[in-house]
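This report refers to the structure that appears directly beneath it.
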Amino acid sequence: MAELLKNPHTFEKAQEELAQVIGRGKLIDEADVAKLPYLRCIVKETFRIHPQVPFLIPRKVEEDVDLYGYTIPKDSQVLVNVWAIGRDSSLWEDPLDFKPERFWESDIDVRGTDFELIPFGAGRRICPGLPLAIRMIPIALGSLINTFNWKLDGGIAPKDLDMEEKFGITLAKAQPLLAIPIPL
Ligand code: HEM
């Protein structure tokens, strides 16, 4: 929601898609999500730029491991910095821009096979909540977009919205988003 309120053209594009596909003012159900590609691109773009578990879950190495010419010694703690991967300019064009369109023509997915985008981790300890999360997030977000207009509290201009992040096991906005719903 913060990125959408900071980038009103993206919000409007999402509203337009929803109006065309399911009709303004309606809540979304699971079957609608497949018909809402732009909404799905917004969710992916959010996973890229604000991964909710920015270093995955810390892992400990049980024995020396050779990985691409590097040795990771036994007992090291390993953090995978997916936050930095999502902002790596050798992988993403204009990595700091919120541009859902980058996923239009792309097969990159969040299910743990495309290592440039692994917000749920990958492999045998991949997040078991992934199937639930990727169903629920577009439903919740799309319903908020389709049933209200939104404005920032305190008359803040979209470009001035503070997007600073607070790091922990999960990633949060440093300043909570204050947004006012306006009935359609
Ligand atoms: C946006 C939503 C979510 C994100 C981005 C997310 C992300 C993650 C990540 C990155 C990991 C660590 C994977 C690794 O280290 O390789 C993880 C683990 C886990 N997640 Fe999620 N998660 C989400 C939602 C959920 C939900 C909805 C549930 C439960 C209903 C859940 C349950 C778990 C559990 C139990 C683990 C530990 C798995 C293990 O270590 O075997 N997550 N999640």
Side-chain angles (χ1 to χ4, degrees), residues 1-7 10-11 14 18 27-34 36-68 70-88 91-92 95-100 102-103 106-146 150 161 163-177 179:
M1 278 302 279
E3 286 289 5
L4 292 181
L5 293 179
K6 194 173 174 67
N7 297 282
T10 305
F11 185 92
L18 284 154
L27 295 175
I28 301 176
D29 68 35
E30 202 177 323
D32 296 324
V33 175
L36 296 163
Y38 193 64
L39 180 65
R40 295 202 310 274
C41 289
I42 289 174
V43 174
K44 265 190 199 173
E45 180 68 338
T46 309
F47 280 135
R48 178 188 71 81
I49 201 162
H50 306 293
Q52 293 77 17
V53 189
F55 298 104
L56 303 183
I57 305 276
R59 305 288 179 204
K60 194 166 159 194
V61 180
E62 289 181 337
E63 55 192 51
D64 287 2
V65 174
D66 285 323
L67 194 68
Y68 295 105
Y70 294 90
T71 303
I72 304 175
K74 183 175 184 290
D75 292 332
S76 309
Q77 195 178 58
V78 178
L79 302 175
V80 178
N81 191 343
V82 284
W83 185 89
I85 296 172
R87 288 161 188 246
D88 185 334
L91 298 171
W92 306 99
L96 301 184
D97 293 349
F98 186 79
K99 280 204 300 201
R102 70 176 79 242
F103 289 108
S106 152
D107 292 329
I108 295 176
D109 199 10
V110 295
R111 290 163 206 259
T113 48
D114 301 309
F115 293 118
E116 60 271 64
L117 189 65
I118 50 167
F120 294 94
R124 57 200 290 213
R125 301 305 290 267
I126 191 171
C127 171
L130 182 155
L132 177 64
I134 59 174
R135 280 174 180 75
M136 292 311 297
I137 292 168
I139 293 175
L141 178 64
S143 294
L144 289 176
I145 300 171
N146 202 37
W150 294 85
L161 180 62
M163 296 296 282
E164 197 188 327
E165 293 167 305
K166 196 166 77 186
F167 287 80
I169 284 280
T170 55
L171 186 66
K173 242 180 127 289
Q175 304 300 327
L177 176 66

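When a ligand or atom number is given, it counts from 1 through the structure's own listing order.
Side-chain atoms of Arg59 do not come within 3.5 Å of backbone N or O of Leu79 as any donor-acceptor pair. Checked by atom type and distance alone, the side chain of Asp114 pairs as donor or acceptor with a backbone atom of Asp109 at under 3.5 Å. A distance-only check finds no donor-acceptor pair linking the side chain of Asn7 to the backbone of Thr10 [under 3.5 Å]. Side-chain atoms of Lys44 come within 3.5 Å of backbone N or O of Ile108 as a donor-acceptor pair.
Taken from CD1 in Ile49 to CG in Asp97, the straight-line distance is 7.5 Å, to the nearest 0.5 Å.
Residue-and-atom listing of protein N/O/S atoms under 2.8 Å from atom 21 (Fe) of ligand 1, sorted by chain and number: Cys127 SG.
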(request) Determine, step by step, whether Glu30 and Arg135 satisfy the salt bridge (Lys or Arg N to Asp or Glu O under 4.0 Å) criterion, reporting the C-alpha distance in whole Å, the side-chain angles of both residues, the deciding distance to 0.1 Å, and the verdict. (result) CA-CA 7 Å; Glu30 202 177 323; Arg135 280 174 180 75; 3.0 Å; yes
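Protein heavy atom closest to atom 12 (C) of ligand 1, with residue, atom name and distance, is Ile57 CG1, 3.2 Å. Nearest non-hydrogen protein atom to atom 27 (C) of ligand 1 is Leu132 CD2, 4.0 Å. Scanning all protein heavy atoms for the shortest distance to atom 1 (C) of ligand 1 gives Ile137 CD1, 3.6 Å. With respect to atom 14 (C) of ligand 1, the closest heavy atom belonging to the protein is Arg59 NH2, 3.0 Å. Looking at atom 13 (C) of ligand 1, its nearest protein heavy atom turns out to be Arg125 O, 3.4 Å.
No N or O atom of Gln52 sits closer than 3.5 Å to an N or O atom of ligand 1.
Classified by interplanar angle (parallel below 30°, tilted 30° to 60°, perpendicular above 60°), the ring pair Phe120/Phe47 is perpendicular.
Remark: Arg87 is not positioned above the aromatic ring of Trp92, lacking an NZ or CZ atom under 6.0 angstrom from the ring centre and at most 45 degrees off the axis.
Under the 4.0 Å criterion applied to side-chain N and carboxylate O atoms, Arg102 and Glu45 are assigned as salt-bridge partners.
Every atom of ligand 1 is numbered from 1 in the order shown, and the set under 4.0 Å from a heavy atom of Leu56 is 10 (C), 15 (O).
Heavy atoms of Met136 stay at 4.0 angstrom or farther from ligand 1.
For the residue pair Thr71 / Asp66, a side-chain donor-acceptor distance below 3.5 Å is found, with atom types taken as modelled.
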